[in-house]
Amino acid sequence: MSSGGCSIVWFRRDLRVEDNPALSAAVRAGTVVALFIWAPEEEGQYQPGRVSRWWLKHSLAHLDSSLRSLGTSLITKRSTNSVSSLLDVVKSTGATQVFFNHLYDPLSLIRDHQAKEVLTSHGITVLSFNADLLYEPWDINDACGQPFTTFAAFWERCLSMPYDPDSPLLPPKKIIPGDVSRCMSDILVLEDELEKASNALLARAWSPGWSNANKALTTFINGPLLEYSKNRKKADSATTSFLSPHLHFGELSVKKVFHLVCIKQILWANEGNKAGEESVNLFLQSIGLREYSRYICFNHPNSHERPLLGQLKLFPWVVNEGYFKAWRQGRTGYPLVDAGMRELWATGWLHDRIRVVVSSFFVKVLQLPWRWGMKYFWDTLLDADLESDALGWQYISGSLPDGRELDRIDNPQFEGYKFDPNGEYVRRWLPELARLPTEWIHHPWNAPEAVLEAAGVELGSNYPLPIVGIDAAETRLEEALSEMWRLEAASRAVTENGTEEGLGDSSESTAVAFPQDIQMEESDEPARNNSPPLARHYQDQMVPSITSSLTRVEEEVTSDIRNSAEQSRAEVPINVNTRQNARDALNERMLQTAQRNAQLHYNSGMHMRNAAEDSAVESSSISRRRERDGGVVPEWSPSASSYSEQLVGDENGIASSSSYLQRHPQSHQLLNWRGLPQTG
DNA sequence: GTTAGCTTTGT
DNA sequence: CAAAGCTAA
């Protein structure tokens with residue numbers, strides 16, 4: 001009956017009332033319906049894991065109570081199709097506008113575009129905003145108007161932009177509720193009975209919710225931030241910001257973090273506090289990496305499943321589920337790695353340094369396919385974040401132009417003495433090694449028999465011997481790299497012979513199916529210090545097949561692939577599965593469209609900056625403009641869009657695109673590791 | 001104390 | 001590879 005001007009605010013990973021541009025815009029426009037849609041099936045294989053859902057549950061409750069104190073409440077919907085649920089809510093509330101904030105992961109890019117199209121075709125006004133980043137990805141380009149391809153250059157540009165990030169918005173003082181009398185909330189089941197027991201521990205260490213996020217920020221800025229630079233090497237870290245899960249769910253605005261931290265930096269700079277200034281720079285850099293992860297994802301929407309440097313597609317990963325299991329359980333025989341993996345399993349948390357240690361070990365010593373590791377992180381981390389994790393794993397696995405070289409193996413023994421010099425971290429998480437002297441704690445396999453005996457360590461029985469020696473790993477890695485170059489040369493030869501699709505298309509991601517039985521057996525549970533055992537309930541995190549399912553059409557195909565992959569899992573196919581190719585082509589088209597449309601849809605919601613800044617984008621990709629809601633809204637047209645095509649890369653996707661490589665002088669460093677043979 | 005030359009590290 | 005850190009004259 002009411003509301004000519006009822007607006008829906010579609011909350012996603014922006015679970016806050018403060019500095020939430022979509023919410024503020026809706027409040028300004030009139031009555032408001034706050035909506036959250038839970039549609040995990042849409043995320044394909046990246047459905048949130050147990051701890052992630054635990055966080056979400058509490059964050060939503062917190063948001064709801066904040067909204068209630070402002071005059072409305074959160075409508076929740078359980079759905080398998082966000083867009084149609086959105087439309088249902090529009091109809092049942094009589095809303096005329098839908099506002100939401102941007103996301104940059106590949107699935108959201110497509111879904112949000114669909115949402116915009118469908119709603120617009122129903123005569124609904126849709127506006128979207130930047131709530132997640134300091135600057136939108138399309139605002140950060142090099143001198144030629146191209147996206148950056150190395151982090152340092154990207155971040156330097158961000159920090160020297162001619163205009164500051166928007167200042168944070170205050171929370172609304174009051175919200176006038178829309179008419180939801182015909183719109184019932186669904187109860188969301190984000191945690192089942194078995195999981196409750198496991199999750200009970202989490203609440204001791206973490207407090208989800210936007211106002212708790214603000215408290216965590218204040219605590220950090222007034223405390224550990226000052227020593228951030230000094231402490232960053234310690235595995236045992238009460239010294240990190242602990243903001244990542246808050247940031248993942250958008251409980252905390254990055255713009256606000258940036259703002260407050262910069263103010264602190266100015267203060268310290270005035271006092272001549274060098275250490276403080278340095279700490280702020282380092283902390284901001286980690287914020288920058290988060291920005292960069294979105295930037296990479298937007299520019300290369302396949303980066304969660306394809307290496308950005310093409311030759312990695314042909315790397316002969318070791319497909320060994322035994323290794324994978326040992327890694328997950330913290331039974332690799334390398335104490336620092338094992339301690340990290342057990343901490344991850346027990347708490348859903350890992351210091352950034354240790355994430356690098358365990359993932360580097362995974363990729364370089366075990367030589368397992370990095371996407372397996374990434375998926376495991378996704379399932380177990382409290383702050384699991386697709387964009388950040390993709391960036392991290394690509395960095396580790398040598399598939400970024402500015403990442404670590406693949407042939408440099410980090411030795412967990414030496415890293416142990418660097419990050420955990422007194423062995424305290426290892427002792428906390430590996431009780432079976434607790435009595436070992438520090439001298440041997442990071443390499444028990446070298447310890448004299450008598451020492452081991454005195455410490456109650458029986459290698460091979462209560463603590464494993466290293467499952468792979470570092471020397472053996474180095475040898476195998478070199479061989480693998482030669483093999484990769486051999487395949488790469490062969491692939492190039494085929495392509496140059498004029499064959500349409502050569503080897504190059506048997507992408508690594510499709511060749512290596514994810515193991516199906518990721519759950520750990522009860523009996524093999526790693527020992528854990530004095531925490532009560534967590535109930536093992538992992539079915540909900542069972543890993544599906546290899547592909548991201550972007551569409552329903554595709555999901556059908558996916559199950560076929562799963563079956564065929566079962567049979568030949570250990571093989572890196574030499575020949576291209578034609579069905580797979582068709583799927584890839586479909587994906588490619590979807591993504592191209594999505595990219596193009598993302599360009600459109602983001603442009604249409606963005607706050608206009610100064611004209612000069614925008615003109616580059618506008619002139620290349622926008623042909624018409626029209627007025628809407630008093631704002632100038634650019635409109636995209638295909639004929640004018642060379643820009644978005646470049647973002648996608650060539651027909652082979654991001655990974656193998658020569659254009660990507662061409663823009664990377666450094667990539668050739670990768671190509672030249674130790675003069676590996678280019679042929680045979 | 002300084003510094004060339006080597007090792008480590010870094011997104 | 002380049003910058004930073006370290007060592008041995």
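Below, read A as the first sequence line, B as the second, and so on, with proteins coming before strands; counting in each chain starts at 1.
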Asker: Taking CD from Gln285(A) and P from dT11(B), how many angstroms apart are they, rounded to a whole number?
Answerer: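 Result: 5 Å.
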Asker: Measure from CZ on Arg353(A) to C1' on dT8(B) and round the result to the nearest Å.
Answerer: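 Between C1' of dT8(B) and CZ of Arg353(A): 12 Å.
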Asker: Roughly how many Å is it from CD in Glu278(A) to P in dA4(C), rounded to a whole number?
Answerer: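 Nearest whole value for this atom pair: 10 Å.
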Asker: Under 4.0 Å between any heavy atoms, over every strand shown, what does Arg355(A) touch: base, sugar-phosphate, or nothing? Just pick one.
Answerer: nothing
Asker: Among dG10(B), dT11(B), dT9(B), which is the nearest nucleotide to the side chain of Phe151(A)?
Answerer: dT11(B)
Asker: CG of Asn411(A) versus P of dT9(B): gap in Å, rounded?
Answerer: 11 Å
Asker: Report the distance from atom CD1 of Ile409(A) to atom C1' of dT9(B), rounded to the nearest whole Å.
Answerer: 17 Å
Asker: How long is the line joining CD of Glu291(A) and C1' of dT11(B), in whole Å?
Answerer: 15 Å
Asker: So Gln394(A), base contact, sugar-phosphate only, or nothing? Heavy-atom distance under 4.0 Å.
Answerer: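 Here Gln394(A) touches no strand at all.
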Asker: Nearest whole angstrom, please: distance from the C1' of dT11(B) to the CZ of Phe154(A).
Answerer: 12 Å
Asker: Starting at atom CG of Asn281(A), determine the distance to atom P of dA4(C), rounded to an integer number of angstrom.
Answerer: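 Value for this atom pair: 13 Å.
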Asker: Is the shortest distance from a Lys or Arg side-chain nitrogen in Arg294(A) or Asp132(A) to a carboxylate oxygen in the other one below 4.0 Å?
Answerer: yes
Asker: Below the 4.0 Å mark, does dT8(B) have OP1 or OP2 next to a side-chain nitrogen or oxygen of Lys418(A)?
Answerer: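 No.
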Asker: Mind telling me whether His102(A) and Tyr104(A) have parallel, tilted or perpendicular rings, with 30° and 60° as the class edges?
Answerer: perpendicular
Asker: Kindly give the heavy-atom pair with the smallest separation between Tyr425(A) and Asp420(A), and that separation in Å.
Answerer: N-OD1, 3.0 Å
Asker: Which of parallel (below 30°), tilted (30 to 60°) and perpendicular (above 60°) describes Phe258(A) and Trp155(A)?
Answerer: perpendicular
